[in-house]
Amino acid sequence: MKQSARLAYIHLAGRGTYAPAFFVNWRNHRAALIILLLFVFFVISVNKHDITAGIIYAVFPVMLITAGRLPIAPILKRLALISPFVLIMAAANPLLDTHPYIKINTMVISSGIVSGTVILIKSLVTISAVLAFTLCVPFYRICEILRDFRVPNVFVTQLVLLYRYSFLLVEEAMAMQKARNLRSFGKKGKDLFTTAKLIGSLLLRTNNKAERIYRGMIARGFNGELTKKKIDKIRIDEVVLTCAALLVFTLIRVIF
Amino acid sequence: MHMADALISPVVGGAFWIASGALIGYSAKKIAEEKDNSKTPLMGVLGAFVFAAQMINFSIPGTGSSGHIGGGLLLTALLGPYRAFIAIASVLTIQCLFFADGGILALGCNIFNLGFFPAFIAYPFIYKLIIGNKQSPGKLAAASIVAADAGLLMGAFSVVVQTLLSGISELPFGTFVLVMLPIHFAIGIVEGLVVWAVLAFVARTEPALLVPANAVKPPRLIIAAFAVAALAFGGIFAWFASSSPDGLEWSMSKVTGTEEFERAGNKVHDVLGSIQKKFAFLPDYSFKATETAATEHAQEKAEPASPVCPGTSVAGVVGSFLVLFMAGTIGFILRGRGAKPQTSA
């Protein structure tokens with residue numbers, strides 16, 4: 001995927017403007033993150049031949065997408081660009097595990113085909129759940145939640161700065177690449193070593209930018225922490241929501 | 001080389017979350033001890049730089065394809081291991097959340113594979129060792145290429161170990177290693193060449209930007225690394241563990257004549273047993289066969305028998321899609337209650 005398309009998606013998802021009111025609201029963002037982790041944990045614990053359970057767990061992202069009116073096109077685009085590594089691993093199973101697993105009339109479906117399909121289903125379900133979550137929760141809220149979970153401040157600050165400045169630097173890199181392409185004829189100038197100099201120039205610009213940013217931050221009273229927000233205590237409604245989700249995921253697993 | 005959630009088991013994912021979390025905590029502690037806030041924005045902006053640099057493609061000679069920089073070793077050479085590890089972890093977190101590059105439970109594995117090896121192994125024990133106290137163009141080239149390649153190869157090997165420990169893939173260890181390592185060896189050479197060219201450019205134009213190799217002490221984390229490696233290898237060797245009874249089982253068999261206690265017919269026990277089977281978080285990946293089918297299968301090993309009733313399986317899959325459809329419908333009904341989201345910032 002082109003980096004500009006990725007940037008546009010970060011811009012869309014990072015705002016987290018889509019949210020099903022019944023599930024993910026401002027107060028419940030923290031519980032939503034725990035529920036997401038629990039969900040992924042349940043999905044990947046599905047037996048490697050259990051197609052039914054894999055499909056049933058897709059209930060969660062499907063409900064989030066429909067109830068939150070999430071834009072389906074960008075999610076589908078990302079699902080279509082599923083990691084080639086996953087595809088190769090899924091494709092290898094039918095070749096390596098040829099034991100018959102299901103027999104429908106004369107057609108025999110091998111165990112490898114079933115386990116490969118389950119790998120694909122698990123991938124699609126977990127990816128769509130994560131994408132749906134990021135479309136519902138603004139990125140700075142995710143950072144606040146991480147701080148609430150006692151994630152080291154350096155890491156949270158790093159995430160905030162990385163998110164903020166990726167837009168700026170990617171635009172700069174795109175401009176540099178366009179300038180290089182306009183001056184290139186055929187493949188001339190697109191080789192590894194010329195590109196490395198381009199990346200080096202970007203690095204020097206980045207360093208200058210970092211110095212200016214630091215002076216600006218110091219002028220605004222920066223002392224190592226971007227926010228002084230107090231850590232929120234655990235609320236009873238968050239616990240109830242998390243327990244309810246845990247119960248639903250467990251019931252799905254038991255029933256199917 | 002990003003690991004996906006679908007390829008790991010909960011135990012492997014959880015173990016590497018803990019390992020990577022501990023490394024982030026350790027790195028954060030080390031950074032806090034430095035008491036140098038001036039590098040905080042540099043870390044953030046360099047993380048964004050990796051994103052930006054990844055969009056500048058270069059043609060790979062002899063292949064007709066193009067590639068982009070990974071950035072692990074480059075960040076370490078610019079920031080030192082602790083800050084670089086935090087920066088790499090942050091880049092991988094953003095990639096996981098927004099682009100589905102690697103799963104959320106596999107994030108620990110990815111941070112470990114792409115952050116730990118370049119920052120805490122390749123940089124201090126290969127790059128620094130080659131560069132020595134006096135940097136020269138030749139040493140910089142050798143250090144960049146060897147360290148980048150070694151870091152990537154270790155990461156690729158770690159992917160193989162994690163995947164096989166999870167038991168999801170059918171690929172045998174030898175084949176998997178033979179597929180992964182040569183590919184990543186070639187990728188590592190290209191990555192090393194780019195890192196060298198960028199660092200050489202920076203060394204010529206702004207040498208102060210490079211962290212002096214002798215300014216960074218080797219991390220004591222190597223002990224932790226060995227502990228994790230021991231755990232991983234323990235997991236591998238467990239596959240080849242003796243099928244003979246262990247000490248306790250041997251004692252039991254001598255006393256009771258059986259290696260395991262036979263449980264009495266108990267309804268509660270049976271229900272709990274069936275739930276336990278459903279929640280096999282480290283499943284044995286045997287066929288989900290009924291007892292009768294399993295017995296028949298054992299008796300007719302030569303004849304390919306289907307251990308699962310096809311009717312039930314097909315009905316299950318169709319039923320799953322029906323439930324999905326219902327979930328979508330419920331979602332549509334529920335969304336009527338919420339306010340329409342604003343699409344502008």
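Sequence lines set the chain letters: A, B, ... in the order given, protein chains first and strands last, and positions in each chain run from 1.
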### Task
With a 4.5 Å cut-off on heavy-atom pairs, point out which of B:G47, B:A32, B:G44 contacts chain A the most.
B:G44
## Note on the structure
For A:T194 and A:D191, the nearest pair of non-hydrogen atoms, with its separation, is OG1-OD1, 2.6 Å
### Query
Quick one: what part of A:S128 sits under 4.5 Å from any heavy atom of chain B, side chain, backbone, both or neither?
neither
### Summary
So, the part of A:I218 with a heavy atom under 4.5 Å from chain B: the answer is neither
### Query
If you count heavy-atom pairs under 4.5 Å between each of B:V202, B:V91, B:L171, B:V159 and chain A, which one has the most?
B:L171
### Task
Could you have a look at A:V125, A:I199, A:L124 and say which one has the most heavy-atom pairs with chain B under 4.5 angstrom?
A:I199
### Contacting region of B:T205 [heavy-atom separation from chain A under 4.5 Å]
side chain
### Message
Looking only at heavy atoms and a cut-off of under 4.5 Å, which of A:I109, A:I213, A:L202 has the most pairs with chain B?
### Response
A:L202
#### Entry: Nearest heavy-atom neighbours spanning B:I111 and B:L92
CA-CD1, 3.6 Å
### Message
Please evaluate residues A:D50 and A:T52 with respect to the criterion side-chain contact (heavy atoms from CB on, under 4.5 Å), reporting the C-alpha separation (whole Å), side-chain torsions for both, the decisive distance (0.1 Å), and the verdict.
### Response
CA-CA 6 Å; A:D50 200 347; A:T52 311; 3.9 Å; yes
### Query
So, the side chain of A:E172 versus the backbone of A:T206: is there a donor-acceptor pair under 3.5 Å, distance only?
no
### Task
Kindly say whether A:I65 contributes a backbone atom to a donor-acceptor pair with the side chain of A:R69 at under 3.5 angstrom?
no
### Message
Less than 4.5 Å to any heavy atom of chain B: does that hold for the side chain of A:I121, its backbone, both, or neither?
### Response
neither
### Message
Aromatic contact between B:F98 and A:F139, with the criterion being ring centroids under 6.0 Å apart: yes or no?
### Response
yes
#### Entry: Contact leader toward chain B among A:A129, A:S201, A:G112, where contacts are heavy-atom pairs under 4.5 Å
A:S201
### Task
Answer with side chain, backbone, both or neither: which region of B:L7 has an atom nearer than 4.5 Å to a non-hydrogen atom of chain A?
side chain
### Task
Could you verify whether a donor N or O on one side chain and an acceptor N or O on the other, from A:H99 and A:S110, lie under 3.5 Å apart?
no
### Query
So which of A:L204, A:L95, A:L120 has the biggest tally of heavy-atom pairs under 4.5 Å with chain B?
A:L204
### Summary
Scored by heavy-atom pairs under 4.5 Å with chain A, the best of B:A4, B:A48, B:A89, B:G13 is B:A48
### Query
B:A87, B:G14, B:G25: which one forms the most heavy-atom pairs within less than 4.5 Å of chain A?
B:A87
### Among A:N93, A:V40, A:I88, residue most engaged with chain B (heavy-atom pairs, under 4.5 Å)
A:N93
### Query
Would you say the side-chain atoms of B:D5 pair up with the backbone N or O of B:A106, donor to acceptor, closer than 3.5 Å?
yes
#### Entry: Check: A:F85 ring centroid to B:H2 ring centroid under 6.0 Å
no
## Note on the structure
Comparing B:R83, B:E206, B:M43 against chain A, the one with the most heavy-atom pairs below 4.5 Å turns out to be B:M43
### Query
So what's closer than 4.5 Å to chain B heavy atoms on A:S123: side chain, backbone, both or neither?
both
### Task
For the residue pair B:L46 and A:L203, establish whether any side-chain heavy-atom pair is separated by less than 4.5 Å.
yes
### Under 3.5 Å donor-acceptor, A:T134 side chain and A:L131 backbone
yes
### Task
Name the member of B:I24, B:L74, B:I31 that forms the most heavy-atom pairs with chain A at distances under 4.5 Å.
B:I24
### Task
Measure A:R180 against the heavy atoms of chain B and call it side chain, backbone, both or neither at under 4.5 Å.
side chain
### Query
Can any side-chain N or O of A:K122 pair as donor or acceptor with the backbone N or O of A:S45 at less than 3.5 Å?
no
### Greatest number of heavy atom pairs closer than 4.5 Å to chain B - which of A:N207, A:V130, A:V86
A:N207
### Task
Answer with side chain, backbone, both or neither: which region of A:S115 has an atom nearer than 4.5 Å to a non-hydrogen atom of chain B?
side chain
